[in-house]
Number of protein chains: 2
Amino acid sequence: MNTASSFIAHINETVQLTEEEKQFISSICLPLTVRQGDFVERSGEVTRYYIYVQSGCLMTYFTDKDAVDHVAQFATARWWTGDLHSITKGIPSIYSTRALADSEVLLLSKHSQEELLEKYPRLERYFRILYQNALVTHLHRIIQGHSAAADERYISFREKYPSLEQYVPLKYIASYLGITPEFLSKVRRRLMEKG
Amino acid sequence: MNTASSFIAHINETVQLTEEEKQFISSICLPLTVRQGDFVERSGEVTRYYIYVQSGCLMTYFTDKDAVDHVAQFATARWWTGDLHSITKGIPSIYSTRALADSEVLLLSKHSQEELLEKYPRLERYFRILYQNALVTHLHRIIQGHSAAADERYISFREKYPSLEQYVPLKYIASYLGITPEFLSKVRRRLMEKG
DNA sequence: ACAAGAGGTTGAACTAGGTTAAGAAAGAAT
DNA sequence: ATTCTTTCTTAACCTAGTTCAACCTCTTGT
């Protein structure tokens, strides 16, 4: 049982790993323990690591010109987060990532990922499928944002991510849904009153 | 010069192809010519093909419970479209795809893609990078939808996709931006008056 | 114990964007 | 040429969601 075992199990669901591959993956992953509130990535800096969450919960958000934060995504166990654009292109990130709870993450540097994929091209498949699934989710979120009212979006958020409620303050859920905390409060009240 | 040559050139930018690979790719791509208005994919049916656009322009959209269409994405030359969720999971599609202009597309069936990737796993890389870039774009669109007003979104749409204006009626651009055609009209008027 | 924050709720006034309906402009079809 | 259809615009009115400010409840730190 080493520090990257949950990550290895996760990859193994998509691509069967050899012992050698497992060992190599373990060797390039940097385990990191973060406390609630800690930054894992800061906007303005070039993102250096792909971030994999083993336990706890992170949130990645964009801060606009009026200093308002907008939640891009939450990440709980077995999810990735971080600014792909920044890390792949080497440009400063527009997102910050912070821990919403004490969490254990694995950091995979850009260089390590490249080395990994060069050495074991089979693993491209893991990331391909990961990104493919994320794409489906993101497009659904865009469309739902355009076609569904706030209350409907809130209801389906709760159905889709019931486990997040334990970690995530309502104001961040509001932000994720694209509404203000005050309005989410009203939505919740209406839903309570109805049943 | 065969029917898939533009597609092969596109892949070749990411992964250097051998002659054998090129030949195989050509053999599994189904070229299709569609006229403006034609459907390439219909919601309710299981999507059978990944759709690559060689020329022209397609749009993929979701029709909500009130029969209102919401544009998920446009696809011009060298872009892919189609409902990934439907094709990968074999469930009925929630999106339809139609030609906004006479277009030439290549269809890659689910089976052919699987065969391709099994035979030449190197090509996973092409799709991985494709999806990775799409993910960046989608997330940016979500965040912009939450942080920028309609006029700002319209301006950056025009900057980002100047070539689309020739193909795409304003009402679909409005839909893509998440506003009504009437409101886009107001936005355009305001921008005209200002300069 | 106390203060100081952070998160959540409420309500009143406001606004970005939606709705409805009608007309103008521009293609496409006969 | 002229009709038909689709796209775009305008204007009056409407509403989902915002803003601002006050207040309440928990935590957290001292």
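So you know, we letter chains A, B, ... as the sequences are listed, proteins then strands, and number each from 1.
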Return yes if a side-chain donor-acceptor contact under 3.5 Å exists between B:T60 and B:T81, otherwise no. yes

Ring pair (Phe, Tyr, Trp, His ring centres under 6.0 Å) contacts in which one or both residues fall within residues 63-89 of chain B, not counting sequence neighbours: B:F7-B:W80, B:Y52-B:W80, B:F74-B:Y176, B:W79-B:Y161, B:W80-B:F127

Ring pair (Phe, Tyr, Trp, His ring centres under 6.0 Å) partners of residues 20-44 of chain B, not counting sequence neighbours, each pair once: B:F24-B:Y120

For B:S86, side chain to side chain donor-acceptor pair (under 3.5 Å) partners two or more places apart: B:T47

Please determine whether a side-chain nitrogen of the Lys or Arg among [X] and [Y] lies less than 4.0 Å from a carboxylate oxygen of the Asp or Glu.
{"X": "A:R48", "Y": "A:E41", "value": "no"}
{"X": "B:R125", "Y": "A:E118", "value": "no"}
{"X": "B:E19", "Y": "B:K22", "value": "yes"}
{"X": "B:K186", "Y": "B:E182", "value": "no"}

Looking only at heavy atoms, which two atoms of B:L130 and B:H10 are closest? And how far apart? CD1-CE1, 4.4 Å

If you restrict it to nitrogen or oxygen atoms, what contacts under 3.5 Å exist between nucleotides 10-12 of chain C and the protein, and what is each distance?
{"residue": "C:dT10", "atom": "OP1", "partner": "A:R189", "partner atom": "NE", "Å": "2.9"}
{"residue": "C:dT10", "atom": "OP2", "partner": "A:R189", "partner atom": "NE", "Å": "3.2"}
{"residue": "C:dA12", "atom": "N6", "partner": "A:K186", "partner atom": "NZ", "Å": "3.2"}

In whole Å, I'd like the distance from the [atom1] atom of [X] to the [atom2] atom of [N].
{"X": "A:D69", "N": "C:dA6", "atom1": "CG", "atom2": "P", "result": "13 Å"}
{"X": "A:E152", "N": "D:dA16", "atom1": "CD", "atom2": "P", "result": "13 Å"}
{"X": "B:R190", "N": "D:dT9", "atom1": "CZ", "atom2": "P", "result": "14 Å"}
{"X": "A:I179", "N": "D:dT19", "atom1": "CD1", "atom2": "C1'", "result": "15 Å"}
{"X": "B:R188", "N": "C:dA25", "atom1": "CZ", "atom2": "C1'", "result": "13 Å"}
{"X": "B:L184", "N": "D:dT9", "atom1": "CG", "atom2": "C1'", "result": "11 Å"}

Walk me through it: do A:K119 and A:E115 pass the test salt bridge (charged side-chain N to carboxylate O under 4.0 Å, His left out)? CA-CA 6 Å; A:K119 202 158 171 174; A:E115 199 182 346; 5.6 Å; no

Can you tell if the side chain of B:E124 reaches within under 4.5 Å of the side chain of A:Y126, non-hydrogen atoms only? no

Identify whether any heavy atom of A:G37 sits under 4.0 Å from a base atom; if not, whether one sits that close to sugar-phosphate; answer base, sugar-phosphate or nothing. nothing

So which of residues 163-173 of chain B are in contact with DNA chain C, with a heavy-atom cut-off of under 4.0 Å? none

Protein-nucleotides 22-30 of chain D N/O pairs closer than 3.5 Å?
none

